[in-house]
Structures are given as structure tokens and as C-alpha cells.
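Structure first, commentary second.
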Amino acid sequence: MPRVSAVLALIRDEGILNLPRVAFESLRLLDFHIFVINRGELREPLPVPEGVTMYADALDRLKRAREKRTDLSNEFWRDQMSGASHCATLELNGELGGVVWAYYYPAERPLIVLVQGEAELSTSYTVEKFRGRGLYRALLWFATEWQLRERPRLFTIVASNNPTPLKAVYQVGFHEVGVIRRRAISGPKFSIAKMKAGR
């Protein structure tokens, strides 16, 4: 299952009848907001919903959870789809509810160039039936705290059509350092040097 083509995964996640809508949305201009947080800038811990347990460096735990599930979206398979090897997971009353992946330097990232000591939190997902309970925000804070213990700077990128993460990143302590339009994806990557010059 994790090795199916991107098109088959899209059909599975969105349904074949939704493909025209997905194709149309992919043509629209989209802003990618680039956020950074440095060690010492993490805000106070956020409330964790009752019944939630979170795990750092949880790839092995995620692999075991996937063996029992056939309904997980492709965001839970990034280790096999894009070479990710680090993630934090969230369980609600013992059931897998969310994931956020961490990519470390020298990982190749599509929009930014990481340097030594940096990482990017990327490709997060909350299982649909658990949304609206503050789980994403809790997992983002947890993963950020975990990563900042090991490195001085952390990035995350949020698309403008994704309002929950756009709000949560500020609540955790990230601040915006740049924006890239969708059409720039095929161009040069956004580097930390360019961000510092634009501040």
C-alpha cells in the first residue's frame, strides 16, 4: 500500500469524483508562509486535551500502528514516500490521531535549504474524526519542544489555504520570515540567507 503511485494515493484520499476539484485547486496561486523558531522562543506549554499521549522519535511506534490500519492517509507514510525518518505522533485514548514529520539537515527540502543544526517540521496530519479538539496545536508544540532540545533553530512551512496551522504556529512561538508563491516552487529554493536579508 505505501508504494502506490501518487495518483492512486490521491484517488484513495480524495475519491475519484473529487479529482476535478483537486486539479482545479492545484492551479490556483497559493502562498507558502515560512516560519522559524529559535531555541528560547518557545511559548508556555499549551493545554493538552484529555486522553492524549504524544511520542517523540516515534517512527517505530508509527510502523506498528500502521500494521493494524488500512484507512490512514498518505501523510502517515512519509518515511516510505519521501525518505523521512523522524516523526512525533499523537494518540487519543490509545488510537493514533496525528503525526508531524521532522526533516534534519542535510535532508533535501522542496522550499528551503537547511544548514547544519537546522530542521524542518513538515507534513503534519490529524485524523479527520479527531479534528477540532486542539490536537494539532498540542502535537506541534510537543514536536517543536522535542526538536529545539536538539538544535537551535527550526522551520515550518504553512500553505495559505490551511488556517489551523496558520493560527497554531503563532501560539507555539514561531514567527514568519518569508512567503513564497506556488509558482516559485519550480524555481530556486528559499535560503536562510535570503530570509535574513529580508528581515
Side-chain angles (χ1 to χ4, degrees), residues 1-28 30 32 46-104 107 109-111 119-147 156-169 171-172 182 185:
M1 180 175 127
R3 299 188 185 279
V4 297
S5 73
V7 173
L8 290 178
L10 185 63
I11 291 171
R12 184 195 69 220
D13 291 346
E14 298 290 339
I16 197 160
L17 297 178
N18 287 324
L19 287 183
R21 177 190 54 79
V22 172
F24 175 74
E25 288 178 359
S26 72
L27 298 175
R28 293 170 41 192
L30 192 63
F32 291 91
L46 297 166
V48 177
E50 191 173 332
V52 165
T53 308
M54 293 175 279
Y55 300 91
D57 220 353
L59 183 56
D60 288 338
R61 187 175 192 88
L62 176 59
K63 287 178 180 178
R64 289 192 300 272
R66 289 188 312 213
E67 291 173 1
K68 304 171 190 168
R69 302 281 298 267
T70 59
D71 61 335
L72 294 173
S73 73
N74 60 10
E75 284 83 0
F76 287 93
W77 300 88
R78 291 297 166 171
D79 54 313
Q80 296 190 24
M81 296 175 71
S82 63
S85 57
H86 305 280
C87 66
T89 59
L90 178 145
E91 294 179 8
L92 181 59
N93 298 321
E95 184 178 348
L96 181 64
V99 65
V100 61
W101 294 93
Y103 293 84
Y104 301 168
R109 302 304 301 137
L111 294 182
E120 179 188 349
L121 289 180
S122 180
T123 316
S124 58
Y125 192 82
T126 303
V127 173
E128 190 170 347
K129 71 178 182 178
F130 294 144
R131 293 178 186 169
R133 304 184 193 189
L135 301 185
Y136 170 77
R137 186 183 65 181
L139 183 57
L140 178 64
W141 190 95
F142 177 82
T144 302
E145 192 272 336
W146 162 47
Q147 288 299 305
T156 194
I157 298 173
V158 182
S160 58
N161 65 347
N162 207 346
T164 298
L166 276 175
K167 182 178 177 183
V169 290
Q171 294 171 326
V172 169
R182 178 189 293 240
I185 291 176

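From Leu135, atom CG reaches atom CG of Leu92 across 6.0 Å, with rounding to the nearest 0.5 Å. Taking OG1 from Thr53 and CZ from Phe142, the interatomic distance works out to 9.5 Å, rounded to the nearest 0.5 Å. With rounding to the nearest 0.5 Å, the separation of CZ in Arg131 from OG1 in Thr164 is 8.5 Å. Here CD of Gln147 is found 8.5 Å from OG1 of Thr144. Values are rounded to the nearest 0.5 Å. From Thr156, atom OG1 reaches atom CG of Leu140 across 6.5 Å, with rounding to the nearest 0.5 Å. Here the straight-line distance linking atom NZ of Lys63 with atom CG of Leu59 works out to 4.5 Å at 0.5 Å rounding.
At least one side-chain heavy atom of Trp146 sits less than 4.5 Å from a side-chain heavy atom of His86. With contacts defined as side-chain heavy-atom distances shorter than 4.5 Å, the pair Leu96/Lys68 does not qualify. Residues Arg137 and Pro47 form a side-chain contact, since some pair of their non-hydrogen atoms from C-beta on lies under 4.5 Å apart. Val100 places none of its side-chain heavy atoms less than 4.5 Å from the side chain of Thr123. Leu62 places a side-chain heavy atom less than 4.5 Å from the side chain of Cys87. Annotation: side chain of Val99 is not in contact with side chain of Leu90 (no heavy-atom distance under 4.5 Å). Between Leu72 and Tyr125 the shortest side-chain heavy-atom distance does not fall below 4.5 Å. No side-chain heavy atom of Asn162 sits under 4.5 Å from any side-chain heavy atom of Phe32.
When all heavy atoms of Asn161 and Pro163 are compared, the pair lying nearest together is O-CD, 3.4 Å. Heavy-atom minimum distance, Pro49 versus Arg133: CG-O, 3.2 Å. Minimum interatomic distance between Tyr136 and Ser124 (heavy atoms only, all atoms of both residues): CE1-OG, 3.1 Å. Considering every non-hydrogen atom in both Pro165 and Val158, the closest pair reads CB-CG1, 3.7 Å. Across all non-hydrogen atoms, the minimal contact from Ala65 to Arg69 is O-CG, 3.4 Å. Closest approach of Leu166 and Ser160 over heavy atoms only: CD1-O, 3.8 Å.
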> Taking it one step at a time, do Lys129 and Asp71 satisfy salt bridge (charged side-chain N to carboxylate O under 4.0 Å, His left out)?
Replying inline: CA-CA 12 Å; Lys129 71 178 182 178; Asp71 61 335; over 6 Å; no

> How far apart are the C-alpha atoms of Arg109 and Ile157, what are their side-chain angles, what is the distance that settles it, and do they pass the side-chain contact (heavy atoms from CB on, under 4.5 Å) test?
Replying inline: CA-CA 11 Å; Arg109 302 304 301 137; Ile157 298 173; over 6 Å; no

> Can you check side-chain contact (heavy atoms from CB on, under 4.5 Å) on Lys167 and Gln171, steps first, answer last?
Replying inline: CA-CA 7 Å; Lys167 182 178 177 183; Gln171 294 171 326; 3.5 Å; yes

>> Please evaluate residues Tyr55 and Leu139 with respect to the criterion side-chain contact (heavy atoms from CB on, under 4.5 Å), reporting the C-alpha separation (whole Å), side-chain torsions for both, the decisive distance (0.1 Å), and the verdict.
In response: CA-CA 9 Å; Tyr55 300 91; Leu139 183 57; over 6 Å; no

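Glu120 and Tyr104 share no donor-acceptor pair across their side chains, judged by distance under 3.5 Å alone. Checking Tyr103 against Ser85 by side-chain atom types alone, no donor-acceptor pair falls below 3.5 Å.
Within the structure, salt bridge (charged side-chain N to carboxylate O under 4.0 Å, His left out) pairs that include any residue of residues 81-92 comprise Arg61-Glu91 (at least two apart or interchain).
Here the side chain of Trp101 pairs a donor or acceptor atom with the backbone of Glu75 at under 3.5 angstrom.
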